[in-house]
**Student:** 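Structure provided below as structure tokens; questions to follow.
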Amino acid sequence: MRKKKRAVFLLVFFFYLGLVAVDSACSEMTRYPGALTLQSRRIDREHILFSFLGKEVLVNTDWILEEVGRVKDTAKETISVLSGMVRGLPEGSQSQHINNQGRDEELPLPSKTL
């Protein structure tokens with residue numbers, strides 16, 4: 001019984017692999033998105049086209065990089081304020097502390113200052 005289950009699993013698995021191979025070859029020849037596989041194509045420097053199950057999504061990489069940079073700056077500022085609160089700095093000097101820090105300087109986490 002176990003051999004039959006393994007054989008059925010292998011047959012289904014290799015059938016799907018064959019379908020994926022044919023699907024990707026057809027999508028390359030016809031330049032239409034694939035119906036079964038996740039595919040990505042770089043359109044230009046700023047855009048990547050993803051297709052999966054016949055649907056396409058155009059992703060703007062510059063916007064993603066800007067958002068990641070914004071989140072990184074916000075997190076750095078938040079950690080700086082929290083470390084200032086742990087050290088007992090007054091509110092007004094916290095903003096000066098943020099401005100005085102260098103861009104490449106490692107920010108101390110509150111757990112390191114305790």
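Only this structure's heavy atoms are used, side chains among them; waters, hydrogens and symmetry mates stay out.
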**Student:** Sub-3.5 Å donor-acceptor pair from the side chain of Arg70 to the main-chain atoms of Asp73, do we have one?
**Tutor:** no
**Student:** Out of Val57, Ile43, Val59, which residue meets the side-chain contact (heavy atoms from CB on, under 4.5 Å) rule with Leu49?
**Tutor:** Ile43
**Student:** Using a 4.5 Å cut-off on heavy atoms from C-beta on, say whether the side chain of Val12 contacts that of Tyr16.
**Tutor:** no
**Student:** If you measure from CG on Asn60 to CD on Glu66, what distance do you get to the nearest 0.5 Å?
**Tutor:**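 Rounded to the nearest 0.5 Å, the CG-CD separation comes to 8.0 Å.
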**Student:** Using the rule that Ile, Leu, Val, Met, Phe, Trp and Tyr join whenever any side-chain heavy atoms are under 4.5 Å apart, tell me whether Phe15 and Val8 fall into a single cluster.
**Tutor:** no
**Student:** Could you state the interatomic distance from CG (Leu65) to CD (Glu46), rounded to the nearest 0.5 Å?
**Tutor:**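 So the CG of Leu65 and the CD of Glu46 are separated by 10.5 Å.
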**Student:** When rounded to the nearest 0.5 angstrom, what distance separates CG in Leu82 from CD in Glu77?
**Tutor:**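 If I round to the nearest 0.5 Å, the distance is 11.0 Å.
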**Student:** If you group Ile, Leu, Val, Met, Phe, Trp and Tyr by side-chain heavy-atom gaps below 4.5 Å, do Ile48 and Trp63 land in one group?
**Tutor:**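 Yes, same cluster.
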**Student:** Measuring only between side-chain heavy atoms, which start at C-beta, is Arg45 closer than 4.5 Å to Thr61?
**Tutor:**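 Counting from C-beta outward, Arg45 and Thr61 never come under 4.5 Å.
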**Student:** Taking all atoms of both residues into account, what is the closest heavy-atom pair of Leu58 and His47, and its distance?
**Tutor:** CD1-CB, 3.9 Å
